[in-house]
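Single-structure report; data block below.
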Amino acid sequence: MDYKNILKLVSENIYSGMFIVDKNGIVQFYNQSANDLAGLNVENAIGKHMLEIFPKLTEETSTIMRALSTGESLKNYAQNYYNYKGKLVSILSTTLPFYENGEIAGAIEIFSDVDQYKNINQNKHNKKLDSNFLEVANYTVDDIIGSSKCIKDIKAKILKIANSKSPVLVYGDTGTGKELIVQSIHNASYRREKPFIAQNCAAIPATLLESILFGTTLGSFTGAKDSKGLIEAADGGTLFLDEINSMDIMLQAKLLRVLQDGQIRRIGESKTRNVDVRIITALNQDPYKAIKDGKIRSDLFYRLNVINFYILPLKDRREDLRELSRYFLDEFNRELNKNITGFSDEVIDFFYKYDWPGNVRELRHSIEHAVNITEKNLITKSDLPKYVGVNSFGERQNLDNKSENETDHLTPKTIEEPLTIIMDRFEKKIISDALMQNDYNISKTSRRLEIPRQTLYYKMDKLGIKVDKKLD
Ligand SMILES: Nc1ncnc2c1ncn2[C@@H]1O[C@H](COP(=O)(O)OP(=O)(O)OP(=O)(O)O)[C@@H](O)[C@H]1O
Ligand SMILES: [Mg+2]
């Protein structure tokens, strides 16, 4: 079989760039994608030395040259660089030396553009270069609605601990208001004029997250860029790491070091830099279970958990329902220029019975939906979105036949499946409905669900949701 032809066929049809060099670093093969991604400024790179093609690199900074001299593979290595057109490119590269008769014979480097992941931290301010990740914390304690003991305690605690530098860990189910609490802490503190930076740790490759957090100095291509990581960018302010339980365990060890020493080191740099950052983390899983499952290092957890907040699910603080519903009704009346006066008894009754798996976010969206579509001045059952009322079994909770079902929610059901399966089914339903309601437009749907686009893609993939058209 002629492997050269197969290599050519593969390399011409993938979006990843590919370089193959001999043991001296002389290019033997490269593909069009390599040319496009690396922005080669030469007619033909074959027969040329890597350092001739990338004059800004050295034996040390070029990943290929390093692989040749050390014989080690560099897998999923994240790098930023400016290509010859001046465009900032982020790539993930894997460099593998290969051997013949026990000696290094050359190396292959495969790399792909990972700019898509950059959108994981989607917000309106991330367009500006070099302040890529600046966010604004909009919420304050006054935006936290509710007078249950849980909420009252949380608000009092926020004000009490705001000015301390101790790490904070916020734990609560999805949609319970974790982001609200985190932003309120920042805004109640002396750090309020300084950056508030949020990064979601889920669905992002570990090496890329590492370079995003710690910053980089080296690159294997033209004009390797020194770039600040988020930890440095948050200097003087607050860094919010969401879904910390999704962070790679090795990276957690590095984060622990930052917390202990107050210093960071950019990737590829030997010097350390002092940083003054308050770190707030959130997770939507029981922390002790996360430790038990190996999702969080216990040493990191105890360091992060100096101050903690736990928000009850909405169904366990139903006292807040009335106030929250009124608040959201007012909000959407204002926004949609309507004058709806309230909710029918049937709706209120349902609100009190329903489990609210999506918590406050689900309540808010239900009310937004109802205010949008109602033609009356009172919200009634038929105005609620159709996914509300789908109970954990994937069936619609029956709101009619009230007499028959009145105590239904109180009767324990035989649960025959693990919670994760039930939750996945529920999540799948919500995402599918949201996609449908937003014309299968990914950007719109992710905004609607208030999750980053990348997370939406990830969840669709995980839950096996296929759409014919993924419009953007
Ligand atoms: N107590 C509250 N008062 C007013 N609004 C709230 C409250 N709790 C949550 N919300 C609203 O519900 C929505 C979800 O809240 P938030 O994003 O803070 O949840 P979260 O816990 O971070 O969710 P996730 O785990 O999915 O990230 C937001 O629109 C937020 O404004
Ligand atoms: Mg959140």
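Whatever order the structure lists them in is the order used to number ligands and atoms, beginning at 1. Just so it is clear, the structure is predicted and the values come from calculations on it, not from any experiment.
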Salt bridge (charged side-chain N to carboxylate O under 4.0 Å, His left out) assessment of K178 paired with D242: CA-CA 9 Å; K178 295 186 288 298; D242 206 354; 6.0 Å; no

Could you check whether any heavy atom of [X] sits closer than 4.0 Å to an atom of ligand 1, since that is the contact criterion I want to use?
X    : result
G146 : no
I311 : no
D143 : yes

Per-atom contacts, ligand 1 versus E450 - under 4.0 Å to a heavy atom: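 Listed by number with element: 28 (C), 29 (O).
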
Numbered atoms of ligand 1 (with element) below 4.0 Å of L324, judged on heavy atoms: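 The list of qualifying atoms is 2 (C), 3 (N), 4 (C).
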
To which protein heavy atom is [atom] closest, and what is the distance rounded to 0.1 Å?
atom                    : result
atom 26 (O) of ligand 1 : T174 OG1, 2.6 Å
atom 20 (P) of ligand 1 : K178 N, 3.5 Å
atom 3 (N) of ligand 1  : I145 N, 2.9 Å
atom 7 (C) of ligand 1  : L180 CD2, 3.2 Å
atom 29 (O) of ligand 1 : R364 CD, 3.5 Å
atom 11 (C) of ligand 1 : V360 CG1, 3.9 Å
atom 16 (P) of ligand 1 : G177 CA, 3.7 Å
atom 22 (O) of ligand 1 : E179 N, 3.2 Å

Heavy-atom proximity to atom 8 (N) of ligand 1, best of I151, N138, T176: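 Comparing heavy atoms across I151, N138, T176, the nearest one to atom 8 (N) of ligand 1 lies in T176.
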
Residue pair [X] / [Y]: nearest heavy atoms and the distance that separates them:
X    : Y    : result
R191 : G237 : NH1-O, 2.8 Å
N163 : S189 : OD1-CA, 3.2 Å
L449 : H365 : CA-CE1, 4.3 Å
Q252 : I244 : NE2-O, 3.7 Å
R322 : I348 : NH2-CG2, 3.9 Å

Note: R334-D330 ion pair, threshold 4.0 Å (strictly below):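 Salt bridge between R334 and D330, a charged N being under 4.0 Å from a carboxylate O: no.
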
D153 and K149 ion-paired at < 4.0 Å: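 The answer is yes: the pair qualifies as a salt bridge.
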
Heavy-atom check, side chain of Q183 versus side chain of F240, under 4.5 Å: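 Contact flag for Q183/F240 side chains = no.
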
Taking both backbone and side-chain atoms of [X], is any N or O found less than 3.5 Å from an N or O belonging to ligand 1?
X    : answer
Y139 : yes
G175 : yes
G172 : no
I144 : no
R361 : yes

N438-N441 side chain donor-acceptor pair, cut-off 3.5 Å: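 There is no such pair (donor and acceptor under 3.5 Å, judged by atom type) between the side chains of N438 and N441.
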
Side chains of S148 and D320, donor plus acceptor under 3.5 Å: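 Indeed, the side chains of S148 and D320 share at least one donor-acceptor pair under 3.5 Å.
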
Geometric class of the F350/Y354 ring pair [parallel <30°, tilted 30-60°, perpendicular >60°]: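 Judged by the thresholds at 30° and 60°, the geometry between Y354 and F350 is parallel.
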
Per-residue contact class, F328 against ligand 1 - non-hydrogen pairs under 4.0 Å: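 Under 4.0 Å from ligand 1, F328 contributes side-chain atoms alone.
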
